[in-house]
Visitor: 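Once you've had a glance at the structure underneath, I'll fire off some questions.
These numbers were taken from a predicted model, which means no experiment stands behind them. Basis for what follows: all heavy atoms, side chains included, without hydrogens, waters or symmetry-related copies. Both counts, for ligands and for their atoms, begin at 1 and track the order of listing.
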Amino acid sequence: MGSNLVSGPRTAGWSELTAHAARLAGEPVRELFARDPRRFEHFSREAVGLLMDFSRQRLDPSALGALVALADAVGLRARMDAMWRGEIINPTEGRAVLHVALRQPPGGAVGGADIEKLVLAERARMLAFADGVRGGAIRGSAGQRFTLVVNIGIGGSDLGPAMAVQALRAYTTGAPRCEFVSNIDGCHLAEVLESADPRTTLFIVASKTFTTLETRTNALTARAWLEKQLGRAAVPAHFAAVSVNGKAMDEFGVHPEYRFQMWDWVGGRYSIWSSIGVSLAIAIGSGNFLAFLGGGHAMDEHFRGTPWADNLPALMGLLGVWNINFMKLPTLAVLPYDDSLRRFPAYLQQLEMESNGKSVMLDGSPVECETAAVIWGEPGNNAQHSFFQLLHQGTPRAALDFLLPARSSCGNQPQQNLAIASCLAQAEAFMTGRSAPEVRAELERQQLTAAQVQALTPHKVHPGSRPSTIVLFERLDPATLGRLIALYEHSVFTQSVVWGIDAFDQWGVELGKKLTEQLVPAVEDSVGGQAAPAPVLKLLERVREWRR
Ligand code: F6P
């Protein structure tokens, strides 16, 4: 059964875009620059402290115009309004999607007056707690200040705060050290506990559902470790939690004042703005956390109030659509030129791929075009010395996002200047490439023999026209990080509207979770263990042998 949704290839303008793509396919981007001396002005936009330069994308003014028109054709404005009004735009889970309400200032009324009240009240409680821990007013069972905060969570309950605490390291002076433990195997937790003093350690169990296997297991291990050293009575003073599941927090023994609420209308991967960000608030303090929320909110206002042609998140989302659906580039490499952003690609992996990694549309019919890009990446200079070779000359092709601060986030501007030069040089190299005649001329200047020139030339050709966007900003401060995250969130939303999919469910992760639960008895050799599928039992035979 086909879909009636106006999205993807059913959208007016889709075939026009296909024609633009075919026309531009053979057009080197450097030719586009040669033809338009004002290309930078035509293909860059600056707003809320971010300068987005997409002049190195394989686009010309008429293709960009058609791309921007897509936003209206799919009804992006109506969907955005529905999100802000708190309508159920995540139908498969029957939920509203209101992470934008979490970063509103007082009086914002985002999601309605009741939601605003709830959000502000819980935010105030959480920030008071965070400042109490940070400043030493809230202490452990033996009256000592906390020097170590261990966030136990996974996915959205880990990646956001872990990425942000690393990114904003420059703002963490005087705060307890924050560690983020997520994996089930227990090794990371063991590593963290090895040097931890239970008297000065605070655990935060961050889990929207409080049922996630990894988080529950690590939390129980941490509680057993603490009990063993300080006794059961010490537990409430050393465990805080964030969840929608009050009953589970009760059962775990979380102190009523150390538990923080979140709501069904906050998706895990959009939850850093909620109390899930408590570890970040402890690390950077409430003032900086509010600045972080303010950055996100500023991007919300920009997204809401700016025509698509100048709207950074809408443009970023549309450029993704252009690259995925029309340029046939299935992956996006995210390359920060500030090492503090080293976890940003991992954060974006969940944000983009869990949101838009879908094959059916909102009405359940199959999508009619490719959806989310595969996101990957590393800090830029490291990437230059590992996988850039493939990006410059390999057969797989990718689109690239460079994230570039002008100022050093650690006070070492001379070295940041080298990072800036590296980033801009790479973006240029990816765009201009190096043609065979240029390579040949260069080799001839080096006085190589004709045979050597002929042999080497093909190896040194860079095809160029690798499309990239540079997001330039002054410095990586809390507000800027908030803007950057919200930029990508709304870009993901824009894409989901173009493709007609639900960006806020994640049914694809459930099957594996269920099968894991079923297999545990077999792996543990306990009752019911023989219920595993035959091929799995074969592997388990060897597991048993090797762990004997
Ligand atoms: O398995 C995926 C997921 O459901 C994510 O969407 C979520 O961020 C993560 O698990 C953790 O879930 P929770 O916060 O409920 O522990």
Visitor: With a distance cut-off below 6.0 Å to the six-membered ring centre and an angular limit of 45° from the axis, does Arg95 pair with Trp265 as a cation-pi contact?
Guide: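 No cation-pi geometry.
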Visitor: If you define the side chain from C-beta out and look only at heavy atoms, does anything of Leu351 sit under 4.5 Å from Tyr270?
Guide: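 Yes, close enough: below the 4.5 Å cut-off.
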Visitor: Tell me the side-chain hydrogen bond (donor to acceptor under 3.5 Å, both in side chains) pairs involving residues 276-287, sequence neighbours left out?
Guide: Asp131-Ser286
Visitor: Arg483: which residues meet the salt bridge (charged side-chain N to carboxylate O under 4.0 Å, His left out) condition with it, sequence neighbours left out?
Guide: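 Once residues adjacent in sequence are excluded, Arg483 has no partner under the salt bridge (charged side-chain N to carboxylate O under 4.0 Å, His left out) criterion.
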Visitor: According to ring pair (Phe, Tyr, Trp, His ring centres under 6.0 Å), who are the partners of Phe146, at least two apart in sequence or on a separate chain?
Guide: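 Checked Phe146 against ring pair (Phe, Tyr, Trp, His ring centres under 6.0 Å); matches are His238.
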Visitor: Collect the protein residues that have a non-hydrogen atom under 4.0 Å from ligand 1 and hand them over in chain and number order.
Guide: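 Those residues closer than 4.0 Å to ligand 1 by some heavy atom are Ile154, Gly155, Gly156, Ser157, Ser207, Lys208, Thr209, Thr212, Gly268, Gln350, Glu354, Gln506, Val509, Lys513.
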Visitor: Do the ring planes of Phe303 and His490 sit parallel (below 30°), tilted (30 to 60°) or perpendicular (above 60°)?
Guide: parallel
